[in-house]
K.L.:
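Below are the structure tokens for one structure; questions will follow.
So you know, we letter chains A, B, ... as the sequences are listed, proteins then strands, and number each from 1. Source: prediction; values computed, not measured.
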Amino acid sequence: MLRLLIGGRFLPNHKSNYFPNILSSGRFLHTQTSSSDDSWTNNRDLNIDLLFHSCTKTHLAKRLHALLIVLGKIQSLFISTRLVNLYANLGNISLSQQTFDQIPQKDVYTWNSMISAYVHNGAHTDAITCLYKMLTFEVKPDFYTFPPVIKACRDINNGKMIHAWISKTGLEWDVFVAASLVHMYCRFGIFDAAYGIFTNMPFRDMGCWNAIISGFCQNGKGEKALQILDEMKFEGIKLDSVTVSTVLPICAQMDDMSQGRLIHLYVIKHGLESDLFVGNAFINFYAKFGELIISQKFFDSLVTRDLVSWNSIISAYEQNGNPDRALWFFREMQKDGFAPDLLTLVSVASSIAQSRDTRGSKCVHGFILRRSWFVKDVIIGNAVVDMYAKLGNVENARELFERISIKDVVSWNTMITGYGQNGLASDAIEVFQNMVEKNFVTPNQGTWASIIPAYAHIGALKEGQKCHSNVLKTGLILDLYIGTCLIDFYGKCGKVKDAMLLFDEVPKTNSVPWNAVISCLGIHGHGETCLKLFENMIESGTHPDAITFISLLSACSHSGLIEQGEQCFNAMEKDYGVKPGLKHYGCYVDMLGRAGELEKAYDFIKSMPLTPDASVWGALLGACRIYGNTDLGKVVSEKLLEVDEGNVGYYVLLSNIYANAGKWEGVNRVRLMANEKGLKKTPGWSSVEIDKRMEVFYTGNYSHSKCEEIYKELEDLMMKIKVIGYVPDYSFVLQDVEEDEKERILMSHSERLAIAYGIISTPPKTVIRIFKNLRVCGDCHNATKFISKVTEREIVVRDSNRFHNFKDGVCSCGDYW
DNA sequence: CTAGGGTTAG
């Protein structure tokens with residue numbers, strides 16, 4: 001008995017501070033008989049502990065192994081078992097297993113060591129197999145055997161079987177065994193069984209309390225875990241470092257800052273501050289609330305740091321928008337001799353994306369490739385796909401995405417979002433359809449949040465509605481994020497009523513759904529309703545943000561509500577503390593410009609406190625186009641090309657202005673300038689949804705399978721609408737050609753091809769929905785009004801600027817756009 | 001020489 005205690009079996013090694021229970025826990029009923037009694041007698045000539053502890057790398061362990069063979073010590077069961085453990089601790093399970101296999105006569109220590117070696121290295125099946133093998137050698141498992149075995153159980157049947165077996169051996173209430181069982185039942189979600197064992201335990205040590213708390217925490221029962229924590233406090237048991245590091249992530253997850261702060265005070269009082277796990281947990285806890293100074297304090301006060309400490313501080317800065325500092329810590333950790341792991345690189349990849357470092361992205365990719373980490377875990381592949389997509393490099397993102405052999409739902413979501421955020425909605429849809437067809441993974445909240453905006457972008461109403469019904473089925477409809485996506489979607493597809501209905505349903509806990517609905521009504525020209533909603537928003541106590549005012553100002557602009565727009569602009573900083581940014585100035589200029597107040601807009605720009613950027617000058621140039629002001633247009637375009645000479649859109653706009661005024665030499669000059677810079681006009685395209693499929697038309701495209709029918713229909717339509725008063729407006733033709741050629745050019749505009757195709761492909765009187773990637777041409781706008789009248793159809797056209805609803809010869813925009 | 005409960009994630 002004395003030797004057991006002095007030998008370190010219970011006293012020095014034991015981490016528990018609940019000692020009295022152990023003495024009475026029944027543990028001493030089991031006497032250990034060891035066949036390897038050679039440990040003290042035969043190996044005194046070597047300082048075994050020192051030798052083993054000095055092996056911190058596999059190659060050192062191998063040298064020690066060789067030395068022990070030479071010295072003839074390998075026959076000692078004690079020595080060879082230690083080698084099994086040593087290799088396992090170094091993470092080299094195959095060497096551990098080899099050493100184990102070469103031992104002829106194994107005792108219970110040896111078997112236990114091998115089983116726990118497997119478990120520690122994640123080889124759960126091997127651990128169970130090893131247990132059965134142990135039985136065939138007629139070695140009886142003891143209470144060292146079971147905890148790792150329980151940990152290795154991957155399914156509930158296996159677990160229950162092992163549990164029954166343990167009951168028969170009478171080891172069920174050993175604190176280690178029982179704690180393992182409690183944790184296992186939690187893992188399988190059988191919380192009643194776990195709690196049952198816990199309450200029936202005759203003796204509990206800290207480990208048991210921690211087992212049930214962590215069991216609840218890790219399996220989505222945070223609230224219940226905190227209840228047990230209270231129970232524990234009530235019984236006067238002190239939290240230890242394990243409890244603290246278990247509970248903190250739950251506090252963060254439940255957004256319970258005050259609970260965490262209380263624990264912080266407790267930790268200071270009980271001197272747990274410098275504990276590695278506790279410190280790491282606090283770094284993460286405070287980082288989640290953006291309290292980086294406190295996170296940094298914890299990091300600084302750590303006496304020893306491990307990989308998790310470094311990863312945590314790097315992720316803290318990365319998650320809070322300070323990628324440079326995150327990358328600085330990444331270099332520091334390496335200087336400090338720590339080799340980055342997979343999780344380090346996840347944060348680093350995101351930091352690189354945030355700091356827009358294209359060269360760095362290649363380094364990160366190479367770094368991971370060299371270590372073959374992509375096969376180790378999807379998470380790192382997903383992180384790098386995300387990094388490339390955020391840097392706008394969708395090709396590399398897609399290539400890597402295809403190389404991920406086992407994709408999870410996040411992989412798909414990342415790729416869909418990546419395409420969507422780079423404006424490639426049709427590619428996003430292709431990936432989504434692939435995901436659904438292959439049926440590999442079930443879409444989740446993130447999937448809907450990435451695909452619905454893509455459908456909104458191209459105006460695919462039917463497909464989006466299908467998503468909506470799927471969202472209803474999965475019960476995610478009350479999710480604020482998805483709700484907002486759907487509001488935006490219906491708005492962009494022209495379904496204002498549906499958008500409003502949804503808006504009534506979603507929880508309005510922050511400004512986001514308000515912004516969505518205001519912007520939706522704005523592009524439909526319901527400026528007055530927007531202002532009303534803004535009032536409601538303020539009344540409901542929701543604080544408006546920068547986006548709110550962008551939506552509001554652009555709504556005023558689209559509806560010609562100059563006075564109200566001015567009021568908004570003046571009130572935003574004064575009354576709501578939102579400082580106007582360049583986008584707000586852009587909206588304001590746009591508003592004045594559309595109303596024809598070109599000089600006022602120009603003066604306004606000159607008086608701006610910020611340096612106007614391309615979007616501000618671009619708004620004014622657009623107004624010059626509407627009002628045919630070539631003189632101001634020339635001045636503005638010069639300013640514009642100073643700030644952004646690479647954007648082809650402005651050249652097009654300027655050449656439009658010249659063409660409109662019939663100044664063809666100006667048109668040619670601008671065209672030449674653009675050509676010299678190597679700029680190509682963005683090809684215009686329009687799409688129409690037929691039978692849930694999107695058909696895309698490019699301007700002057702003659703390769704469509706129904707091409708002849710489309711042009712025939714267009715010619716018929718032209719005749720019909722001319723009869724009721726349509727006159728082609730050739731000012732929208734940018735080429736200096738003959739009149740009938742001009743008519744042909746207008747007729748082959750992509751939006752008109754899409755409309756004609758819609759008419760011949762759908763039953764009479766059904767609504768036709770068109771999406772155009774650029775602004776709709778003025779002549780097409782006029783023609784569409786007449787077409788809606790002669791065909792008795794509602795035609796919905798969304799362009800890059802706003803929304804047009806043509807019905808019975810008029811457009812919802814009132815020709816003001 | 002062997003055992004339970006702990007911190008980092010796209």
K.L.:
Select one nucleotide: of B/dA9, B/dG4, B/dC1, the one nearest the side-chain heavy atoms of A/Y109.
P.N.:
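Nearest to the side chain of A/Y109 among the choices is B/dC1.
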K.L.:
Could you state the CD1-C1' distance from A/I228 to B/dG5, rounded to the nearest angstrom?
P.N.:
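Answer to the nearest Å: 13 Å.
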K.L.:
Quick check: any donor-acceptor pair below 3.5 Å linking the side-chain of A/D205 to the base of B/dG4?
P.N.:
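Check passes, donor-acceptor contact within cut-off.
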K.L.:
Of the listed nucleotides (B/dG4, B/dG6, B/dT8), which one gets closest to any side-chain atom of A/L343?
P.N.:
B/dT8
K.L.:
Parallel, tilted or perpendicular: which fits the ring planes of A/Y195 and A/F198, with parallel below 30° and perpendicular above 60°?
P.N.:
tilted
K.L.:
Is the ring pair A/F137/A/W111 parallel, tilted or perpendicular, if the boundaries are 30 and 60 degrees?
P.N.:
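Aromatic pair A/F137/A/W111 classed tilted.
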K.L.:
If you look at every strand shown and take non-hydrogen atoms under 4.0 Å, does A/N89 touch a base, only sugar-phosphate, or nothing?
P.N.:
nothing
K.L.:
Taking A/V84's backbone N and O only, do any of them form a donor-acceptor pair with A/S113's side chain (distance below 3.5 Å, no angle check)?
P.N.:
no
K.L.:
Got a salt bridge between A/D256 and A/R261, using NZ or NE/NH1/NH2 to carboxylate O under 4.0 Å?
P.N.:
no
K.L.:
Check if the side chain of A/D174 and the base of B/dG4 share a donor-acceptor pair of N or O atoms closer than 3.5 Å.
P.N.:
no
K.L.:
For A/F330 and B/dT8, give me the distance from atom CZ to atom P, rounded to whole Å.
P.N.:
21 Å
K.L.:
Please state how far atom CG in A/L302 lies from atom P in B/dT8, giving the value in whole angstrom units.
P.N.:
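Roughly 14 Å, once rounded to whole Å.
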K.L.:
Round to the nearest Å and state the distance from A/E172 atom CD to B/dA3 atom P.
P.N.:
22 Å
K.L.:
How is A/S315 classified with respect to the nucleic acid when contacts are heavy atoms under 4.0 Å: base, sugar-phosphate, or nothing?
P.N.:
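No contact.
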K.L.:
Any donor-acceptor pair under 3.5 Å linking the side-chain atoms of A/R398 with those of A/Y388?
P.N.:
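Looking only at side-chain atoms, A/R398 and A/Y388 do not form any donor-acceptor pair under 3.5 Å.
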K.L.:
Check every strand shown and say whether A/S180 touches a base, only sugar-phosphate, or nothing at a heavy-atom separation below 4.0 Å.
P.N.:
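Here A/S180 touches the backbone only, sparing every base.
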K.L.:
Measuring from A/I283:CD1 to A/K297:NZ, what's the distance to the nearest 0.5 Å?
P.N.:
13.5 Å
K.L.:
Where does the angle between the aromatic ring planes of A/H264 and A/F298 fall among parallel (under 30°), tilted (30 to 60°) and perpendicular (over 60°)?
P.N.:
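The rings of A/H264 and A/F298 sit tilted, inter-plane angle from 30° to 60°.
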K.L.:
Among B/dT7, B/dG5, B/dG6, find the nucleotide with the atom closest to the side chain of A/V308.
P.N.:
B/dT7
K.L.:
With the side chain of A/S214 defined as its heavy atoms from C-beta on, choose the nearest nucleotide among B/dG4, B/dT8, B/dG6.
P.N.:
B/dG6
K.L.:
Measure the distance from CG on A/L307 to P on B/dT7 and round it to the nearest whole Å.
P.N.:
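It is 15 Å, rounded to the nearest whole Å.
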K.L.:
Counting just side-chain N and O atoms, does A/H120 come under 4.0 Å of either OP1 or OP2 of B/dT2?
P.N.:
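It does not, given that no N or O in the side chain of A/H120 lies less than 4.0 Å from OP1 or OP2 of B/dT2.
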K.L.:
Taking only the side-chain heavy atoms of A/V346 (C-beta and beyond), determine which of B/dG5, B/dC1, B/dA9 contains the nearest atom.
P.N.:
B/dA9
K.L.:
What is the distance from NZ of A/K288 to C1' of B/dT8, rounded to the nearest Å?
P.N.:
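So the two atoms are 9 Å apart, to the nearest Å.
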K.L.:
To the nearest angstrom, how far is A/F277 atom CZ from B/dG4 atom P?
P.N.:
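Result: 13 Å.
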K.L.:
Ignoring backbone atoms, establish whether A/Q218 has a side-chain N or O less than 4.0 Å from OP1 or OP2 of B/dG6.
P.N.:
yes
K.L.:
Side chain of A/H183 only, heavy atoms from C-beta on: which candidate in B/dT8, B/dA3, B/dG6 is closest?
P.N.:
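So the side chain of A/H183 is nearest to B/dG6.
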K.L.:
Provide, to the nearest angstrom, the distance between the CZ atom belonging to A/F285 and the P atom belonging to B/dT7.
P.N.:
15 Å
K.L.:
Would you call A/Y144 stacked on B/dA3, i.e. ring centres under 5.5 Å apart with the planes less than 30° off parallel?
P.N.:
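Base of B/dA3: not stacked against A/Y144.
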K.L.:
Below 4.0 angstrom, which residues in residues 402-411 of chain A have at least one non-hydrogen atom near DNA chain B?
P.N.:
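Hits under 4.0 Å, by residue number: A/D408, A/V410.
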K.L.:
Starting the side chain at C-beta, find the nucleotide from B/dT8, B/dC1, B/dG6 nearest to A/D49.
P.N.:
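Nearest to the side chain of A/D49 among the choices is B/dC1.
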K.L.:
Under 4.0 angstrom, heavy atoms only, what part of the nucleic acid is A/S241 near: base, sugar-phosphate, or nothing?
P.N.:
base
K.L.:
Could you verify whether a donor N or O on one side chain and an acceptor N or O on the other, from A/D300 and A/Q296, lie under 3.5 Å apart?
P.N.:
yes
K.L.:
Within the 3.5 Å criterion, strictly below it, is a donor on A/D306 or A/N280 matched to an acceptor on the partner's side chain?
P.N.:
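Distance-only check passes for A/D306 and A/N280.
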K.L.:
Classify the nucleic acid contact of A/T414 as base, sugar-phosphate or nothing, counting any heavy atom under 4.0 Å across all strands shown.
P.N.:
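The residue A/T414 makes no contact with any strand.
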K.L.:
Looking at the side chain of A/T246, which of B/dG6, B/dT8, B/dA3 is the nearest nucleotide?
P.N.:
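Nearest nucleotide to the side chain: B/dG6.
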K.L.:
For the side chain of A/N280, starting at C-beta, report the closest nucleotide among B/dA3, B/dT7, B/dG6.
P.N.:
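So the side chain of A/N280 is nearest to B/dT7.
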K.L.:
A/N85 has a side chain; which of B/dC1, B/dG6, B/dT8 sits nearest to it?
P.N.:
B/dC1
